[in-house]
Participant: 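Handing you a structure now.
The model shown is predicted, which means the values in this text are computed figures rather than measured ones. For the single chain, residues carry numbers from 1 onward in sequence order.
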Amino acid sequence: MATSLSNMFFKGLANRSFGRPLNGLFYCTRYSTTVSNDSDTHDDFKAANKLEGSGISLANVIEQDVKDNPVMVYMKGVPDLPQCGFSSLAVRVLKHYDVPISARNILEDVELKNAVKAFSNWPTFPQIFIKGEFIGGSDIILNMHQTGELKEKLKDITSKK
């Protein structure tokens, strides 16, 4: 029984294409790659900070994210694979309303994590912005859902379909 369950699980993973966006959504996340400073690693494959020297600050990136995305979530993980229970809860509540969710994975960049904290003046994650307004974390989003306030806030955001 256990063998057949694990075989079904691995067959399901093998049939899934991870090279394209999940559920047709594109997320504002960067893919995580860890490259050692090993002398055997060619310069073309070493990690590079694309913002460095570009004149763009992380505060500008966050401001643009919040402005351009009706629902923006800074979270641990990505919406289809949250890396903590609070981020998972926030995503589940937001998905209930069938709105497009844009997200950045704060676990991939400590500087981004600190910049988001400074931008919102809020210490914990996830951090949810709706229509440019900082809402709060998963507890606040859940409370808004339970009182009907979230439905009202999201009513004019076009569904992802």
Participant: With side chains defined as the heavy atoms from C-beta onward, is the minimum distance between Asp65 and Ser102 less than 4.5 Å?
Facilitator: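 No - every pair of side-chain heavy atoms lies 4.5 Å or more apart.
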Participant: Got a sec, which residues hit side chain to side chain contact (heavy atoms under 4.5 Å, CB included) with Val91, two or more places apart in sequence or on another chain?
Facilitator: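 Side chain to side chain contact (heavy atoms under 4.5 Å, CB included) list for Val91, sorted by chain: Met75, Pro79, Lys95.
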Participant: Would Val61 and Arg104 count as a side chain to side chain contact (heavy atoms under 4.5 Å, CB included) if you check the C-alpha gap in whole Å, the side-chain angles of each, and the deciding distance to 0.1 Å?
Facilitator: CA-CA 11 Å; Val61 170; Arg104 284 198 190 262; 3.5 Å; yes
Participant: Are the side chain of Asn69 and the backbone of Val71 linked by a donor-acceptor contact shorter than 3.5 Å?
Facilitator: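 Not at all, since once roles are kept as given, no pair shorter than 3.5 Å links the two residues.
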Participant: Could you check whether atom CD of Gln83 has more than 12 heavy atoms from other residues, nucleotides or ligands sitting under 6.0 Å from it?
Facilitator: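 Atom CD in Gln83 is packed in, count exceeds 12.
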Participant: Test side chain to side chain contact (heavy atoms under 4.5 Å, CB included) on Leu58 and Asn114 and set out the steps.
Facilitator: CA-CA 10 Å; Leu58 280 172; Asn114 292 329; over 6 Å; no
Participant: When the side chains of residues 128-144 are checked against the rest of the protein, which donor-acceptor pairs come out under 3.5 Å, sequence neighbours left out?
Facilitator:
residue, atom, partner, partner atom, Å
Lys131, NZ, Lys153, O, 2.8
Lys131, NZ, Asp156, OD1, 2.8
Glu133, OE1, Lys153, NZ, 2.5

Participant: Do the non-hydrogen side-chain atoms of Phe119 and Gln127 ever get within less than 4.5 Å of each other?
Facilitator: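 No, too far: nothing below the 4.5 Å cut-off.
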Participant: State which residues pass side-chain hydrogen bond (donor to acceptor under 3.5 Å, both in side chains) with Gln64; sequence neighbours excluded, sorted by chain then number.
Facilitator: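 Gln64 satisfies side-chain hydrogen bond (donor to acceptor under 3.5 Å, both in side chains) with Asp68 once adjacent residues are dropped.
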Participant: To check you understand the geometry: which heavy-atom pair defines the closest contact between Leu94 and Leu154, and what is its length?
Facilitator: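 Where Leu94 meets Leu154 most closely, the heavy atoms are CD2-CD1, 4.3 Å.
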Participant: Can you see which heavy atom on Tyr97 is nearest to which on His145, and at what distance?
Facilitator: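 Between these two residues, the closest heavy atoms are OH-ND1, 2.6 Å.
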Participant: Look up atom CD1 in Ile106 and atom CG in Leu112, then write down how far apart they are to the nearest 0.5 Å.
Facilitator: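 Answer rounded to 0.5 Å: 7.5 Å.
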Participant: Could you check whether atom NZ of Lys76 has more than 12 heavy atoms from other residues, nucleotides or ligands sitting under 6.0 Å from it?
Facilitator: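 Not buried by this count: 12 neighbours or fewer within 6.0 Å.
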Participant: Residues two or more places apart in sequence or in another chain: which of them pass side chain to side chain contact (heavy atoms under 4.5 Å, CB included) with Ser88?
Facilitator: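 Pro82, Arg92.
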Participant: Which residues pass the ring pair (Phe, Tyr, Trp, His ring centres under 6.0 Å) test with Phe86, sequence neighbours left out?
Facilitator: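 Applying ring pair (Phe, Tyr, Trp, His ring centres under 6.0 Å) to Phe86 gives none.
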Participant: Do the non-hydrogen side-chain atoms of Val116 and Trp122 ever get within less than 4.5 Å of each other?
Facilitator: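 No, side chains not in contact.
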Participant: Side chains of Ile62 and Tyr74: closer than 4.5 Å at any heavy-atom pair?
Facilitator: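 A side-chain contact exists here, since the closest heavy-atom pair is under 4.5 Å.
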